[in-house]
**Student:** 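Just dropping this structure here.
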Amino acid sequence: MAIAGAWKRTAAAAAGLALLGASLLSAPAAKAADAADAPRPPATSAKAAALIDVESGRLLYSSESADEPMRIASLTKIMTAITAIEEGDLESMVTVGQRAVGKEGSSIYLKLGEKMKLKDMLYGLMLRSGNDAATAIAEHVGGSEEGFVKMMNDKAAWIGLERSTFMNPHGLDQEGHLSTANDLAKLTAYALKNPVFADIVGTKVHKAPNPFDSWDYSWANKNKMLALYEGADGVKTGYTKTALRCLVSSATRDGQQLAVVTLNDRDDWRDHASMLDWGFEHYRLKTLAAKGERLKGYPLASGRQLRYPLAEGEDAGLSNRLVLLSPEKDALAYSLGERGRLEWTLDGRPIGAVPIYEAGSSRIGQPDRATASFRPGGMFPSRPASLGAALSRSLKALFAAGGE
């Protein structure tokens, strides 16, 4: 569909210009918050801690040591699980090998040659923290433990974890096997966007077929936060003699999900409850753009919802700008109906963007794509499972666009 000439001239004049939020989408005026007015986080016993809003990826709190690489024990298994979910076949059968049997530390007591569906074994990995499960999964998905570890590190780099190095899939102490509270918060926010991962870590008890006995395996989740904190829905406990107590927890309240990371914390259950309460109280999600919302003065509309957690008074630091696509330079996106993007900043820092379409475009009615990578440069669409999936998605979008 051709755009009217008047719209073209108006858009050309607007392209690339910074525009106040209230000029395009409704944004109430607010008093600017001084740094001294920022909410004061609760004290913790952790050597390092971080709190993140899962939807936006905004770190709401980072302790002074949150970027210091440390031992992370079984929090490693968050990366093991999301790597296996994204790269493996959940319905495939894992055959337990010699390296997995009798692995030291926590275990689900797998037997040599035992076969179990990958999805079931992931429950044993995350609910019971089975080191034998971690090794069997790694060998199954990666071809070898070493091959899987490379996949873990490749995924860490892709997500944007800047200070994490994985040496094994289980988290037993090993030289060089390190991550940070901030990196683990980002990893958790990424993983929780995957519905399979989210379902596993929020499960209190899981049963799986036992090929050697008449009774099924029954695994109760070690994460006490699921019972202690209202709305808790994940994620993972961890402990070794050198890492000491480590914990990642998540909870959802009024449609907002937060995740907390603590490393080396002797009072982690209490600290997590306090940090979650603090986050929900002081950083509520604000809708910056609603899906289908019209831009003031333009025959354009937002292609998806954008929400961001803001403390009291931070609204005044919001601004946005409309960046338009060129039919010549951005031919593919333009042919699929996209006309530009609305980019948002908070005190000059990029915080998100939404695609812009002509009002009434069929593209607005399509499901949103998850944005989950924390690579430098901002949030990026989640990687499709395969090239075929990417091509299929592109073709569906093209036909749905109806020649706009």
Side-chain angles (χ1 to χ4, degrees), residues 3-4 6-35 38 52-60 160 189 255-256 282-327 329-330 333-334 336-361 363-366 368-381:
I3 303 177
W7 145 237
K8 283 187 176 180
R9 290 191 295 273
T10 303
L17 296 179
L19 302 171
L20 292 177
S23 66
L24 291 178
L25 295 173
S26 298
K31 179 182 177 181
D34 297 328
I52 196 167
D53 174 75
V54 171
E55 181 174 329
S56 67
R58 182 182 187 183
L59 281 164
L60 307 179
Q256 179 180 17
H282 294 290
Y283 287 91
R284 297 182 180 180
L285 278 176
K286 176 183 176 61
T287 299
L288 304 184
K291 190 169 186 175
E293 184 178 1
R294 295 284 294 266
L295 274 65
K296 293 182 179 180
Y298 301 98
L300 299 173
S302 170
R304 69 174 179 86
Q305 177 179 256
L306 176 63
R307 301 196 301 171
Y308 200 77
L310 296 169
E312 184 178 356
E314 284 190 312
D315 304 59
L318 288 171
S319 63
N320 61 47
R321 68 169 187 167
L322 177 63
V323 179
L324 298 172
L325 298 182
S326 163
K329 295 181 180 179
D330 309 292
Y334 201 90
L336 295 176
E338 191 170 339
R339 296 295 176 257
R341 65 184 181 276
L342 190 60
E343 300 177 340
W344 288 84
T345 61
L346 177 62
D347 297 327
R349 302 186 307 275
I351 61 172
V354 295
I356 297 299
Y357 302 98
E358 291 183 51
S361 168
R363 288 295 303 278
I364 295 175
Q366 295 183 15
D368 292 342
R369 291 185 300 167
T371 52
S373 173
F374 292 82
R375 290 180 295 176
M379 305 286 279
F380 288 77

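Worth knowing before you read on, the calculation uses all heavy atoms, side chains too, and leaves out hydrogens, waters and symmetry mates.
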**Student:** With sequence neighbours excluded, tell me which residues meet side chain to side chain contact (heavy atoms under 4.5 Å, CB included) with D330.
**Tutor:**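 L325, S326.
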**Student:** Name all residues meeting the side chain to side chain contact (heavy atoms under 4.5 Å, CB included) criterion together with P309; count only those two or more places apart in sequence or in a different chain, and write none if there are none.
**Tutor:**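 If we apply the side chain to side chain contact (heavy atoms under 4.5 Å, CB included) test to P309, skipping adjacent residues, the hits are D53, S56, R58, L60, Q256, Y283, L285.
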**Student:** Considering residues at least two apart in sequence or located in another chain, which fulfil the salt bridge (Lys or Arg N to Asp or Glu O under 4.0 Å) criterion with R341?
**Tutor:**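 R341: salt bridge (Lys or Arg N to Asp or Glu O under 4.0 Å) contacts with E343.
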**Student:** Rounded at 0.5 Å granularity, tell me how far CG in L300 sits from CD in E293.
**Tutor:**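 The distance works out to 12.5 Å.
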**Student:** Using 0.5 Å steps for rounding, measure from the CD1 atom of I351 to the CG atom of L346.
**Tutor:**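 One finds 5.0 Å between CD1 of I351 and CG of L346.
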**Student:** To the nearest 0.5 Å, what is the distance between CG (L288) and CH2 (W344)?
**Tutor:**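 Nearest 0.5 Å value for the CG-CH2 distance: 5.0 Å.
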**Student:** Which atoms form the tightest heavy-atom contact between A353 and R304, and what is the distance?
**Tutor:**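 In this case the closest contact between A353 and R304 is O-NH2, 2.8 Å.
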**Student:** With a 4.5 Å cut-off on side-chain heavy atoms, are S302 and K291 touching?
**Tutor:**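 No. Closest side-chain heavy atoms not under 4.5 Å.
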**Student:** Taking C-beta and beyond as the side chain, do I356 and L322 meet within less than 4.5 Å on heavy atoms?
**Tutor:**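 They are in contact (side-chain heavy atoms under 4.5 Å apart), so the answer is yes.
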**Student:** Would you compute the distance between atom OH of Y357 and atom CG of L336 and round it to the nearest 0.5 angstrom?
**Tutor:**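 Y357 atom OH to L336 atom CG measures 8.0 Å (nearest 0.5 Å).
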**Student:** L318 versus L310: any side-chain heavy-atom pair under 4.5 Å?
**Tutor:**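 Counting from C-beta outward, L318 and L310 do come under 4.5 Å.
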**Student:** Is any side-chain heavy atom of D315 closer than 4.5 Å to a side-chain heavy atom of K286?
**Tutor:**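 Yes, side chains in contact.
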**Student:** Could you check whether R363 pairs with E338 (Lys NZ or Arg NE/NH1/NH2 to Asp/Glu carboxylate O, under 4.0 Å)?
**Tutor:**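 Judged by the 4.0 Å cut-off on N to carboxylate O distance, R363 and E338 do not form a salt bridge.
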**Student:** Check whether R339 reaches the backbone of Y334 with its side chain - one donor and one acceptor, N or O, closer than 3.5 Å.
**Tutor:**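 Indeed, once roles are kept as given, a pair shorter than 3.5 Å links the two residues.
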**Student:** Check this for me: R307, atom CZ, are more than 12 non-hydrogen atoms of other residues, nucleotides or ligands nearer than 6.0 Å?
**Tutor:**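 More than 12 within 6.0 Å, yes.
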